[in-house]
Colleague: 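Take a look at this one; I'll ask things after.
Because the structure is a prediction, the values reported are computed rather than measured. Protein chains get the first letters and strands the later ones, always in sequence-line order, with residue 1 at the start of each.
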Protein chains: 2
Amino acid sequence: MSLPQLSESTEMYLKAMVELGLSNVVSIGRLAERLNVTPVSANEMVRRLGDQGLLTHTPYKGVSLTDRGREAACDVVRRQRLWEVFLYEHLHIEWAKLYELACSLEHATAPEVTEALAAFLGDPKFCPRGNPIPAADGSFQPLDGRPLSTASVGETVEVLAINATTTDVLKYLQERGILPGQTIRVLEAAPLQGPLTLKVGEKEVALGLSLAEFVIVKK
Amino acid sequence: MSLPQLSESTEMYLKAMVELGLSNVVSIGRLAERLNVTPVSANEMVRRLGDQGLLTHTPYKGVSLTDRGREAACDVVRRQRLWEVFLYEHLHIEWAKLYELACSLEHATAPEVTEALAAFLGDPKFCPRGNPIPAADGSFQPLDGRPLSTASVGETVEVLAINATTTDVLKYLQERGILPGQTIRVLEAAPLQGPLTLKVGEKEVALGLSLAEFVIVKK
DNA sequence: TGGAATAATAAGGTTAACCATAACATTTTG
DNA sequence: CAAAATGTTATGGTTAACCTTATTATTCCA
């Protein structure tokens, strides 16, 4: 059961894999971008994680988690999201900062603390950003949603979750009312990868496509 | 106010300085022992902390905290002990494991989390091991106690706090009923640094001198 | 006062996780 | 299909915080 103790860096790579789609093949470039390291560094690190049997890398194609990697990754994500719940519901920490603050705690959390925390919180199923929390047994039901960036003009959709992690992006979305539960209508999509124009509540909001990728809406 | 971000290792050295007596001059050997590193490593590290202005080192005498170091150290200890309270009172984690588990969390705790946690816990003044929790403003009132190892035969004392940190030592003491609040009578002290014989509750307990150093009793 | 214990310093080694630059391979796209 | 974009590999460099071994300095104590 207990894996041979993963480094903080390893955990970040695993978490990124889940956040970029648990079962997707992810390019090293995307991984590098999300983790804010150079592609060369990500390459190196991916080789290391590969050696540990946590993921497989098909050159020029991308990376995907092994079964062991998936298990470890879910555990990391579980800790991350449980802490988000705690920080939000009990410590009343600002929504946009949850990810960042929970992230540091996550790496420092022993299994017995994770489970005691889950019990304390009443086994929550979702984090405040709307993302599902993997169960203690490793089972994980990803959201059945798609990025807002793929919505067509005229569609009305409901926000399920925000997949962003950095405080500034989260703050930006929050300020525009783009939060889980919100209903959004796509008014216009500018050509050439231009921004979307959205109706969010009473307001009209322009949102760049790359930001819209972080907004997961109901299928 | 906010210091330039201390490394985990730095925090451990600062914390050890507080635990070995906030205002004491501590030998590098003692420091090395408590931190489980070689004296050579501790020496190196002390030089680095000295360069950062956190402590001063008088060769062949020992190390003591500067004002800045004391402030930083109290902050670290505050976080440590607040987490101990949380883990104990809300997550019902085993008493002997509190230090170790809180220690990891401590390093990962941002100032706003610390203060929100303190508020959540109701600004506790003591950790479950009986040690005082430094206040948010940096003020810190060390216990007015002394190690049980300095008690004389025939004395009856009350345990104020346990200053040990490792799970095995804490478990050992707990199993023998040596916990904050307990009253202890010193029945005998063997010669040549031999063990103390104690009356703890109904039981007679033999306790090595080095373990008795971890038990802080009322003056 | 002299030897033991303790402390300091020097020199060199290790590890994880990054970095840059450059050369080369493959894939995508216009 | 060729050029641009993306990915890979090689080489060498950095940092923090340890390690070992060996030498030298100081302090303590009997």
Side-chain angles (χ1 to χ4, degrees), chain A residues 3-17 20 24-64 69 72 76 103-104 106-108 191-193 209-210, chain B residues 3-17 20 24-64 69 72 76 103-104 106-108 191-193 209-210:
Chain A
L3 296 156
Q5 252 280 83
L6 307 171
S7 74
E8 190 158 325
S9 195
T10 297
E11 293 194 336
M12 287 306 285
Y13 277 78
L14 292 177
K15 196 156 65 175
M17 286 298 294
L20 292 171
N24 292 345
V25 175
V26 175
S27 80
I28 290 211
R30 290 243 293 157
L31 211 46
E33 193 185 18
R34 183 158 257 244
L35 293 166
N36 251 296
V37 297
T38 63
V40 176
S41 298
N43 227 295
E44 256 178 64
M45 195 62 187
V46 160
R47 187 179 41 66
R48 276 194 281 264
L49 299 212
D51 293 347
Q52 292 181 251
L54 295 168
L55 45 78
T56 54
H57 176 210
T58 313
Y60 298 106
K61 295 302 174 190
V63 176
S64 54
V76 177
C103 183
S104 332
E106 168 260 296
H107 300 302
L192 295 169
Q193 318 278 33
L209 262 200
S210 47
Chain B
L3 296 156
Q5 252 280 86
L6 308 171
S7 74
E8 189 159 325
S9 194
T10 297
E11 294 194 336
M12 288 306 287
Y13 277 79
L14 293 177
K15 194 157 64 175
M17 285 299 294
L20 293 171
N24 292 345
V25 175
V26 175
S27 80
I28 290 209
R30 290 244 293 157
L31 210 47
E33 193 186 19
R34 183 157 255 240
L35 293 166
N36 250 296
V37 298
T38 63
V40 178
S41 298
N43 226 295
E44 257 177 65
M45 194 64 187
V46 160
R47 188 180 39 68
R48 275 193 282 264
L49 298 212
D51 293 347
Q52 292 181 251
L54 296 168
L55 45 77
T56 55
H57 176 211
T58 312
Y60 299 106
K61 296 301 174 192
V63 176
S64 53
V76 177
C103 182
S104 332
E106 168 261 293
H107 300 301
L192 295 170
Q193 319 279 30
L209 260 201
S210 46

Colleague: In whole angstrom, what separates A/Gln52's CD from C/dA17's C1'?
Modeller: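 Nearest whole value for this atom pair: 13 Å.
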Colleague: For a quick test of reading the model, state the closest non-hydrogen atom pair linking B/Pro39 to B/Ile28 and the distance between them.
Modeller: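 So the minimum-distance heavy-atom pair works out to O-CG2, 3.9 Å.
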Colleague: So, applying side-chain contact (heavy atoms from CB on, under 4.5 Å) with A/Tyr13, which one of A/Leu49, A/Val63, A/Val76 is it?
Modeller: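 Considering A/Leu49, A/Val63, A/Val76, a side-chain contact (heavy atoms from CB on, under 4.5 Å) with A/Tyr13 is found only for A/Leu49.
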Colleague: List every contact pair, protein side and nucleotides 7-10 of chain C side both N or O, where the distance is under 3.5 Å.
Modeller:
from: C/dA7; atom 1: OP1; to: B/Ser27; atom 2: OG; distance (Å): 3.4
from: C/dA8; atom 1: OP1; to: B/His57; atom 2: NE2; distance (Å): 2.5
from: C/dA8; atom 1: OP1; to: B/Tyr60; atom 2: N; distance (Å): 3.1
from: C/dA8; atom 1: OP2; to: B/Asn43; atom 2: ND2; distance (Å): 2.9

Colleague: Does the side chain of A/Thr38 get closer than 4.0 angstrom to OP1 or OP2 of C/dC18 through an N or O atom?
Modeller: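 Indeed not, no polar side-chain atom of A/Thr38 lies that close.
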Colleague: Could you please name the option among D/dA17, D/dC19, C/dA17 that lies closest to any side-chain atom of A/Arg48?
Modeller: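 Minimum distance to the A/Arg48 side chain belongs to C/dA17.
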Colleague: Between C/dC18, D/dC19, D/dA17, spot the one nearest the side chain of B/Ser9, thanks.
Modeller: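 Closest nucleotide among those given: D/dA17.
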Colleague: Between A/Ser41 and C/dA17, is there a side-chain N or O to OP1/OP2 distance below 4.0 Å?
Modeller: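 No.
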Colleague: Once you round it to whole Å, what is the distance between C1' of C/dA17 and CG of A/Leu6?
Modeller: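 Value for this atom pair: 15 Å.
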Colleague: Whole-Å distance between D/dT15 C1' and B/Asp51 CG?
Modeller: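 Rounded to whole Å, this separation is 15 Å.
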Colleague: B/Leu31 CG to D/dC18 P: how many Å, rounded?
Modeller: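 Rounded to the whole Å, the gap is 11 Å.
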Colleague: Within this structure, what is the CG-to-C1' distance between A/Leu35 and C/dA17, rounded to whole angstrom?
Modeller: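 For the pair A/Leu35 CG and C/dA17 C1', the rounded distance is 12 Å.
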Colleague: With respect to A/Leu31, which candidate in A/Val37, A/Val46, A/Asn43, A/Leu55 satisfies the side-chain contact (heavy atoms from CB on, under 4.5 Å) definition?
Modeller: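 The passing option is A/Val46.
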Colleague: If I compare all heavy atoms of A/Leu6 with all of A/Ala72, which pair ends up nearest, and what's the gap?
Modeller: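 Heavy atoms of A/Leu6 and A/Ala72 come nearest at CD1-CB, 3.8 Å.
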Colleague: Assuming nearest nucleotide by heavy-atom distance, tell me which of A/Thr10 and B/Glu44 is located more 5' along DNA chain C.
Modeller: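 Mapping each residue to its closest nucleotide by heavy atoms, the 5'-most match is B/Glu44.
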Colleague: Start with the C-alpha distance between A/Met17 and A/Asn24, add both sets of side-chain angles, then the distance that settles side chain to side chain contact (heavy atoms under 4.5 Å, CB included), and finish with yes or no.
Modeller: CA-CA 8 Å; A/Met17 286 298 294; A/Asn24 292 345; over 6 Å; no
Colleague: For B/Ser104 and A/Ala108, which heavy atoms make the closest approach, and how far apart are they?
Modeller: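 Looking at all heavy atoms of both residues, the shortest contact is O-CB, 3.2 Å.
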Colleague: Could you state the CD-P distance from A/Gln5 to C/dA16, rounded to the nearest angstrom?
Modeller: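 Those two atoms, CD and P, are 14 Å apart.
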Colleague: Determine the minimum heavy-atom distance between A/Ala16 and A/Leu35, stating which atoms define it.
Modeller: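 In terms of heavy atoms, the two residues are closest at CB-CD2, 4.0 Å.
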Colleague: In whole angstrom, give the distance that lies between atom CZ of B/Arg47 and atom C1' of D/dA17.
Modeller: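 For the pair B/Arg47 CZ and D/dA17 C1', the rounded distance is 12 Å.
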Colleague: Starting at atom CG of B/Asn36, determine the distance to atom C1' of D/dC18, rounded to an integer number of angstrom.
Modeller: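 That distance rounds to 12 Å.
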